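Below is one structure; the comments refer to it alone.
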Amino acid sequence: MASTPAPPTHFSSVAPRPPNNNNNQRHHHNQNRSQHRRNNNRNRWSSSSSTRYYSSPASDAGACAGAGVPSAAATAFSSSLSPWLGGQKTRLAPDFSGRRSSRNPGKMNSGGPRAVPNNQQHSKAAEEVLHSLTNAGNDVAAIDSVLLSYRLYVAEDYVYLLKESMGYFGLEPNLVTYNAIIDAGAKGEVAFETVVQFLEEMTGAGCEMEWKGIGRDVYTYNTYVDALCKGGRMDLARHVIDVEMPAKNIWPNVVTYSTLMAGYAKAEHFEDALNVYDQMKHLLIRLDRVSYNTLVGLYANLGWFDEAVSKFKEMECCGIKNDIVTYNALIEGYGRHNKYVEVRKLFDEMKARRIYPNNLTYSTLIKIYTKGRMYAEAIDVYREFKKEGMGIDVVFYSALIDALCKNGLIKSSLRLLDVMTEKGSRPNVVTYNSIIDAFRVGQMPALECMVDASFQANEHQIIAGKFQGQKTDDGDNDEIMKMLKQLAAENAGLTKKDKRTRQDKFYIVQIFQKMHEMKIKPNVVTFSAILNACSCCETFQDASKLLDELRIFDSDVYGVAHGLLMGHGQGIWDQAQTLFDELEHMDSSTVSAFYNALTDMLWHFGQKLGAQMVVIEGRNRNVWKGGWSTECLDLHLTSCGAACAMVHSWLLELRTTVFGGQKPPPILSILTGWGKHSKVVGNGALRKAVEALVNGIGAPFQIAECNLGRFVSEGPVVAAWLRQPSTLNVLLLHDYIVYSQPVERNQTFNIPSLGAL
DNA sequence: CAGTGTGCAA
């Protein structure tokens, strides 16, 4: 990769990303920003998205003022729900370096607007398709069949086909053909941008379709809307429905709206999702099977079980039978809210109604039970699952691997990784992410014994008595069963454990290599996991070793992480901005996890100014959802490092207002929450970190008597403290390492072991 | 020819 002219020499052997050509649009991080986020046009999809964070859903064009339960309730629950919401289906936007989902794959166009015309070559596959098309003659059905049987990968293929087939062979594809092409693209291994681009090419630029008078119909639009929703571009989807479609005199139907509703639900914009339902009611659009299922799923995920059940019954009354999707949605929702009795009831009920559980039902149940540490139940479900002859898929394996990792049974998870490969299930990025993430899980509790060969046998004896009952019909060759039982034993405190050594920690490096060999692309979650692993390293050298793995995967992310770690400060900031921009359309939990991981690593290694810059950026981009008012700082979704950096910023800002002559509010509070959201750091870690920080800098805050997750102080007291001359020095953060002119590469820094926060 | 449902990160 060519190195860049402008920025100073990098420590890394990998050059940073070239500076973006519209850097000048960016604000300096500590400049006073307006309420509305900067809205650069780095890629063509960002131009209309600025309202997303600040506008209320009700103000969206076209949202009706429909009456009914949801809209009233929606206002009430508005922000109070967001904390738990991270959890569910989180496959939204494709990330910047790998796919986040097997269903909705894609690669973000990370380099800004595409360098205009596509001079790229089409693929061989496209030529094959074209050849088949010639044989298909003018039979449109045959053409459709040909097109649908291929999965083309690049827009160029579509364009090639379109032009060749129409121009040269004189075929007459109709609108259905085009819709089929688009849909094939949307469903296949084609990036969201590619599909959209194709759509644009199809109607834009004087495409023959328009010329022939073939417009887009409601199917085209619905496909388009779906692609937008899957890409997390809800703003655009809304615009298409509210503006573009009516302008073409094409009216959204039940499919359009249920697509939109599902899109909002996935994007965690639950109020908007409910508003869509209101709008449908208002327009007297009758729900059908799919939209009922969507709605039931939405309510169930929100934990609005009365509403969910009511719709569940209503659909039966309308003559639409409850189906497997309905049941799976309900089970998932109840499971998410730990309502195990209802889960069991539904599971029995569906079988009684001869709606037979499918693979997904079983996977969901196993997930619910392993997450809830109800291993006996999980084992029962698994037995039934096997009896039904269901196939174990990647998701199943991944979920189990994750459970093993979360319980510190890393060796077993690695064995399961081998097993799944042997059995023909290809691990994917999620599988690996779980294992990488175990790096920090394994730090806290001891790791299972890695040396003792007799351990396994020993362990199984123990379990045999406890969980297996009389017979061994589960078969000793069933690895899954073994793992579940091991989890059960671990949970019961029966597993022998041993401290792991420093070398053990670097199993992770082998994992990276394996990932590489298998050509599995990492995604943001992978990067977060790597950064978290760095924060668990005691020495800078160990962290560098891990960061090097990151470099192999993605030099941009590496460039930013490494640059900030090296104290490049402003020099690296434009690259960081570009990176953050690319996170924009991903779901909130993924994004906040990344910010948390990056900040934690910086804070851990003493790069506190860098950490603060990241945190301020995250706050401006509303990454943590938490409020940031003068009276109250909500930290409940931040990591320890992010929280510390945030406290500094908040106090500095407070100081400015105090010096500006404003009266502080009577009571000031910092919320840390109860640690529910940090499953790894353990209960109260955040609170302890904030407590230590507050004490360390001498800020006059105390834990509120009635709420352990809250620090309070009286405004005037804090103001007085802030006015002290010495306070400013305490509050200002610095980087431990500051970049100075070209230093030798591979220089080692004498960084003290900072230990965990 | 379109729209609903699983795993990681929180």
Side-chain angles (χ1 to χ4, degrees), chain A residues 83-91 100-103 144 147-148 174-184 186-187 217-227 229-230 253-263 265-266 288-298 323-332 358-368 393-403 405-406 428-438 523-529 532 586-594 596-597 624 636-639 676-680:
Chain A
W84 71 266
L85 297 176
Q88 77 286 44
K89 325 123 220 179
T90 51
R91 284 101 36 89
R100 294 201 56 243
S101 147
S102 49
R103 186 155 182 247
D144 281 355
L147 288 171
L148 285 168
N174 63 11
L175 184 56
V176 174
T177 316
Y178 285 103
N179 288 344
I181 299 175
I182 297 158
D183 192 48
K187 286 206 176 95
D217 65 1
V218 69
Y219 291 95
T220 323
Y221 272 108
N222 286 345
T223 310
Y224 185 36
V225 166
D226 188 41
C229 290
K230 295 263 156 50
N253 61 15
V254 63
V255 175
T256 326
Y257 286 109
S258 64
T259 307
L260 188 68
M261 181 161 67
K266 253 184 190 156
D288 63 1
R289 171 187 300 274
V290 174
S291 43
Y292 263 117
N293 283 337
T294 307
L295 188 59
V296 168
L298 174 63
D323 62 14
I324 181 71
V325 178
T326 330
Y327 271 99
N328 286 347
L330 274 178
I331 289 177
E332 159 84 22
N358 63 10
N359 212 313
L360 175 56
T361 321
Y362 285 107
S363 292
T364 305
L365 286 168
I366 300 267
K367 180 192 73 184
I368 290 168
D393 62 357
V394 207
V395 175
F396 194 106
Y397 279 115
S398 298
L400 190 51
I401 283 175
D402 185 56
C405 289
K406 291 269 184 302
N428 61 22
V429 64
V430 176
T431 325
Y432 281 103
N433 285 348
S434 292
I435 295 177
I436 296 170
D437 198 58
N523 59 21
V524 194
V525 180
T526 323
F527 301 146
S528 302
N532 280 323
M586 305 182 48
D587 60 296
S588 65
S589 60
T590 305
V591 179
S592 59
F594 183 81
N596 280 337
W624 285 285
H636 79 278
L637 288 177
T638 62
S639 60
K676 277 191 279 206
H677 295 278
S678 43
K679 52 187 166 189
V680 178

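In this text the structure is predicted, and so the values were computed from the model without any measurement. Hydrogens, waters and symmetry mates are skipped; everything else that's a heavy atom, side chains included, is used. Chain identifiers are assigned alphabetically (A, B, ...) following the order of the sequence lines, protein sequences preceding nucleic acid strands; residue numbering begins at 1 within each chain.
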Round to the nearest Å and state the distance from A/E332 atom CD to B/dG5 atom P. 10 Å
Please determine, for the side chain of A/D226, which listed nucleotide (B/dC1, B/dT4, B/dG7) has the closest atom? B/dT4
Round to the nearest Å and state the distance from A/D402 atom CG to B/dT6 atom P. 16 Å
Is A/K230 close enough to B/dT4 that one of its side-chain N or O atoms is under 4.0 Å from OP1 or OP2 there? yes
Can you tell me which nucleotide in B/dG5, B/dC1, B/dG3 comes closest to the side chain of A/N328? B/dG5
I'd like to know if the side chain of A/T223 pairs up with that of A/D226 as donor and acceptor (distance under 3.5 Å, no hydrogens or angles considered). no
If only side-chain N and O atoms of A/K367 are considered, is one of them under 4.0 Å from the OP1 or OP2 phosphate oxygen of B/dT6? no
Base of B/dA10 paired with side chain of A/N596 (donor-acceptor, under 3.5 Å): no
Once you round it to whole Å, what is the distance between P of B/dG5 and CG of A/L295? 13 Å
May I ask you to verify if any side-chain N or O of A/K266 is less than 4.0 angstrom from the OP1 or OP2 atom of B/dG5? yes
Can you find an N or O donor on one side and an acceptor on the other, under 3.5 Å apart, linking the side chain of A/T259 with the base of B/dG3? no
Starting the side chain at C-beta, find the nucleotide from B/dC1, B/dC8, B/dG3 nearest to A/D217. B/dC1
What is the distance from CG of A/L298 to C1' of B/dG5, rounded to the nearest Å? 13 Å
What's A/S592 touching, base or sugar-phosphate or nothing? Going by heavy atoms closer than 4.0 Å. nothing
Output the single nucleotide from B/dT4, B/dT6, B/dC8 whose closest atom is nearest the side chain of A/D393. B/dT6
Closest to the side chain of A/S589, out of B/dA10, B/dG7, B/dC8, is B/dA10
Give the nucleotide from the list B/dG7, B/dT4, B/dC8 with an atom nearest to the side chain of A/V525. B/dC8
Could you check whether A/V254 gets within reach of a base, just the sugar-phosphate, or nothing at all, counting any heavy atom under 4.0 Å? base
Counting C-beta onward and ignoring hydrogens, is there a side-chain heavy-atom pair between A/K406 and A/D437 closer than 4.5 Å? yes
Nearest-angstrom distance from the residue atom CG of A/N433 to P of B/dG7: 14 Å
I'd like to check the side chain to side chain contact (heavy atoms under 4.5 Å, CB included) partners of A/V218; sequence neighbours left out, ordered by chain and number. A/N222, A/M245, A/I250, A/N253, A/T256
Quick one: label A/V394 by what it contacts on the DNA or RNA (base, sugar-phosphate, nothing), any heavy atom closer than 4.0 Å. base
Flag, side chain of A/N532 to backbone of A/S528, donor-acceptor distance under 3.5 Å: yes
Touch class at under 4.0 angstrom, heavy-atom based, for A/S528 against every strand present: nothing
Can a donor-acceptor pair under 3.5 Å be found between the side-chain atoms of A/N253 and the base atoms of B/dG3? no
Check whether A/N293 reaches the backbone of A/V296 with its side chain - one donor and one acceptor, N or O, closer than 3.5 Å. no
Considering only heavy side-chain atoms of A/V395, the closest of B/dG7, B/dC8, B/dA2 is B/dG7
For the side chain of A/V255, counting heavy atoms from C-beta on, which of B/dC8, B/dA10, B/dG3 is nearest? B/dG3
Of the candidates B/dG3, B/dT6, B/dG5, the side chain of A/I324 sits closest to B/dG5
List the residues meeting salt bridge (Lys or Arg N to Asp or Glu O under 4.0 Å) with A/D393, not counting sequence neighbours, and say none if there are none. none
B/dC1, B/dG5, B/dA10: which one has an atom nearest the side-chain heavy atoms of A/L360? B/dG5
